[in-house]
Asker: 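Structure below; questions to follow.
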Amino acid sequence: MKRVAVYTSGGDAPGMNACIRAVVRGAIYHGVEIYGIRYGYAGMIKGDMKQLSSHSVSNIIQKGGTILKSARSEEFMTKEGRKKAYESLKEHGIEGLICIGGDGSFTGAKIFYEEFGIPIVGAPGTIDNDIYGTDFTIGFDTAVNTAISAIDKIRDTADSHDRIFFVEVMGRDSGYIAIRSGICGGAEIVLVPETNTTMEEVIETLKKGKNRSKTSSLVVVAEGDEIGGAIEIAEMARKHLQDADIRVATLGHIQRGGAPSAKDRILASRMGLSAIEGLLNGRKNVMAGVMKDELVYTPFEHAITIEKTLSPDLLRMVDIFNS
Ligand code: ATP
């Protein structure tokens with residue numbers, strides 16, 4: 001391969017820049033031209049791409065977001081859209097791709113490879129950590145640290161006013177951010193989509209806390225929990241705990257931003273280099289990941305379809321600490 005391109009797609013995640021840098025520097029080290037495609041699949045369709053130099057990725061390892069911008073593209077979901085993307089890659093002489101994104105981006109990459117045969121290697125960039133084939137995804141560690149620092153602050157005010165706080169963190173389909181930030185923030189309850197905690201159990205635990213003379217209580221809720229979001233759950237709790245002062249905090253997009261943690265910078269750099277070297281060594285239709293501290297490649301098919309389960313010992317710990 002003489003010329004390849006890199007793009008970021010789907011939700012942004014801290015560490016994507018460190019990954020881009022690793023891909024660019026790795027490609028240049030191996031004597032291959034590297035292009036950056038802006039705005040993910042939308043930019044690929046429009047031909048919004050240019051060659052990157054080693055210097056173009058200077059001073060970005062510490063920055064959140066993505067210098068290549070990210071986007072969601074409806075057009076790429078159609079065959080005509082993907083054909084346009086293929087034609088614009090051909091026009092620019094691009095022979096292989098590195099996709100930094102989540103499961104949606106890898107689904108698109110897999111379909112694109114199957115239709116047009118262009119080799120693609122992925123690097124998992126998503127704060128959700130919901131991708132099989134890697135213990136952690138790029139951005140997850142930073143997002144958890146951001147959530148913890150917010151939760152610590154909420155605990156201070158909750159404690160001063162003897163309040164119960166329901167804190168909503170990101171995670172539409174997975175409770176990874178919730179369980180880890182909940183444990184680190186000393187939450188009394190953590191509600192995740194993977195387990196079926198009932199509203200009765202929530203009330204019971206909060207009452208138990210009050211009986212143990214706890215002055216504040218914290219419930220961390222993953223946004224996709226089956227009972228509902230933090231606002232709905234707090235509303236239900238108010239009906240059962242009428243004398244309690246119940247408040248809600250939704251952390252929202254702050255979890256996506258900020259400087260990547262040391263762990264994310266290392267992870268992103270390892271995955272970026274492994275992705276580009278894999279591509280140049282003939283790998284395709286796979287994602288680069290790190291499992292048990294070893295670099296591994298997992299077919300897109302498995303990365304997007306195999307469910308990654310939450311560690312049962314983490315869930316058990318929350319119950320034991322608040323029993
Ligand atoms: P995150 O999990 O952080 O949101 P993601 O990569 O899962 O990231 P998505 O919005 O699901 O984000 O997907 C990004 C883009 O991938 C979509 O906007 C679309 O262009 C492409 N894509 C997703 N699913 C498909 C599909 N089935 N066919 C073709 N393209 C797809």
Side-chain angles (χ1 to χ4, degrees), residues 5-17 19-20 37-46 48 64-66 68-86 88-89 97-116 118 120-134 136-144 146-147 169-178 193 222-224 251-258 260 264 267-268 271 275 285-289 298 300-308:
V6 58
Y7 59 99
T8 48
S9 169
D12 64 325
M16 279 183 161
N17 280 329
C19 190
I20 295 168
I37 303 172
R38 286 166 24 103
Y39 298 102
Y41 294 119
M44 201 184 283
I45 291 169
K46 282 194 191 144
D48 187 355
T66 158
L68 291 176
K69 311 274 189 170
S70 193
R72 296 197 157 94
S73 166
E74 285 293 321
E75 201 179 352
F76 195 79
M77 311 278 267
T78 66
K79 178 105 197 229
E80 302 80 71
R82 293 192 292 274
K83 188 157 183 291
K84 276 196 222 166
Y86 178 68
S88 87
L89 291 175
L97 294 169
I98 301 291
C99 168
I100 306 169
D103 55 348
S105 304
F106 294 161
T107 306
K110 179 178 169 287
I111 295 171
F112 195 50
Y113 168 72
E114 285 162 1
E115 286 174 349
F116 298 99
I118 183 147
I120 311 180
V121 175
T126 170
I127 63 167
D128 294 337
N129 199 33
D130 57 351
I131 296 182
Y132 176 80
T134 191
F136 298 105
T137 55
I138 297 165
F140 171 69
D141 183 64
T142 308
V144 171
T146 302
V169 297
M170 281 190 170
R172 271 187 312 244
D173 307 305
S174 79
Y176 275 94
I177 296 179
E223 62 182 329
L251 301 190
H253 281 80
I254 61 162
Q255 294 160 94
R256 286 197 182 279
D264 271 331
L267 186 70
M271 286 177 176
N285 218 9
V286 295
M287 178 197 86
T298 302
F300 281 144
E301 174 73 32
H302 295 170
I304 59 188
T305 55
I306 300 180
E307 202 185 326
K308 187 156 114 183

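Every number for a ligand or one of its atoms is a count from 1 in the order of the listing.
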Asker: Write none if no such pair exists; otherwise list each N/O atom of ligand 1 with its protein N/O partner under 3.5 Å and the distance.
Answerer:
| unit_1 | atom_1 | unit_2 | atom_2 | d |
| --- | --- | --- | --- | --- |
| ligand 1 | 3 (O) | Gly11 | N | 3.4 |
| ligand 1 | 3 (O) | Thr126 | OG1 | 3.3 |
| ligand 1 | 4 (O) | Arg72 | NH2 | 2.6 |
| ligand 1 | 6 (O) | Gly102 | N | 2.9 |
| ligand 1 | 6 (O) | Gly102 | O | 3.4 |
| ligand 1 | 6 (O) | Ser105 | N | 2.9 |
| ligand 1 | 6 (O) | Ser105 | OG | 2.5 |
| ligand 1 | 7 (O) | Asp103 | N | 3.4 |
| ligand 1 | 7 (O) | Asp103 | OD1 | 2.9 |
| ligand 1 | 7 (O) | Gly104 | N | 2.8 |
| ligand 1 | 8 (O) | Gly11 | N | 3.4 |
| ligand 1 | 10 (O) | Arg72 | NE | 2.5 |
| ligand 1 | 16 (O) | Gly104 | O | 3.4 |
| ligand 1 | 18 (O) | Ser73 | N | 2.8 |
| ligand 1 | 20 (O) | Ser73 | N | 3.4 |
| ligand 1 | 20 (O) | Ser73 | O | 2.7 |
| ligand 1 | 22 (N) | Gly104 | O | 3.3 |
| ligand 1 | 24 (N) | Gly104 | O | 3.4 |

Asker: Sequence neighbours left out, what pairs pass salt bridge (Lys or Arg N to Asp or Glu O under 4.0 Å) with at least one residue falling in residues 98-111?
Answerer: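 Of all non-adjacent pairs touching residues 98-111, those that pass salt bridge (Lys or Arg N to Asp or Glu O under 4.0 Å) are Lys110-Glu114, Lys110-Glu301.
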Asker: My understanding is that only residues two or more places apart in sequence, or in another chain, count here; which of them pass ring pair (Phe, Tyr, Trp, His ring centres under 6.0 Å) with Tyr7?
Answerer: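 Per chain and number, Tyr7 pairs via ring pair (Phe, Tyr, Trp, His ring centres under 6.0 Å) with Tyr41.
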Asker: How would you list all residue pairs meeting salt bridge (Lys or Arg N to Asp or Glu O under 4.0 Å) that involve residues 72-84, not counting sequence neighbours?
Answerer: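 Of all non-adjacent pairs touching residues 72-84, those that pass salt bridge (Lys or Arg N to Asp or Glu O under 4.0 Å) are Glu75-Lys84, Arg82-Glu115, Lys83-Glu87.
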Asker: For the atom pair CG (Asp130) and CZ (Arg172), what is the distance rounded to the nearest 0.5 Å?
Answerer: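 Spacing of CG (Asp130) from CZ (Arg172) equals 9.0 Å.
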Asker: Out of Asp48, Thr8, Thr66, Leu68, which residue meets the side chain to side chain contact (heavy atoms under 4.5 Å, CB included) rule with Tyr39?
Answerer: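 Between Tyr39 and the candidates, side chain to side chain contact (heavy atoms under 4.5 Å, CB included) is satisfied uniquely by Asp48.
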Asker: Take the angle between the ring planes of Tyr86 and Phe116 and call it parallel below 30°, perpendicular above 60°, tilted in between.
Answerer: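 Rings of Tyr86 and Phe116: parallel, as their planes differ by under 30°.
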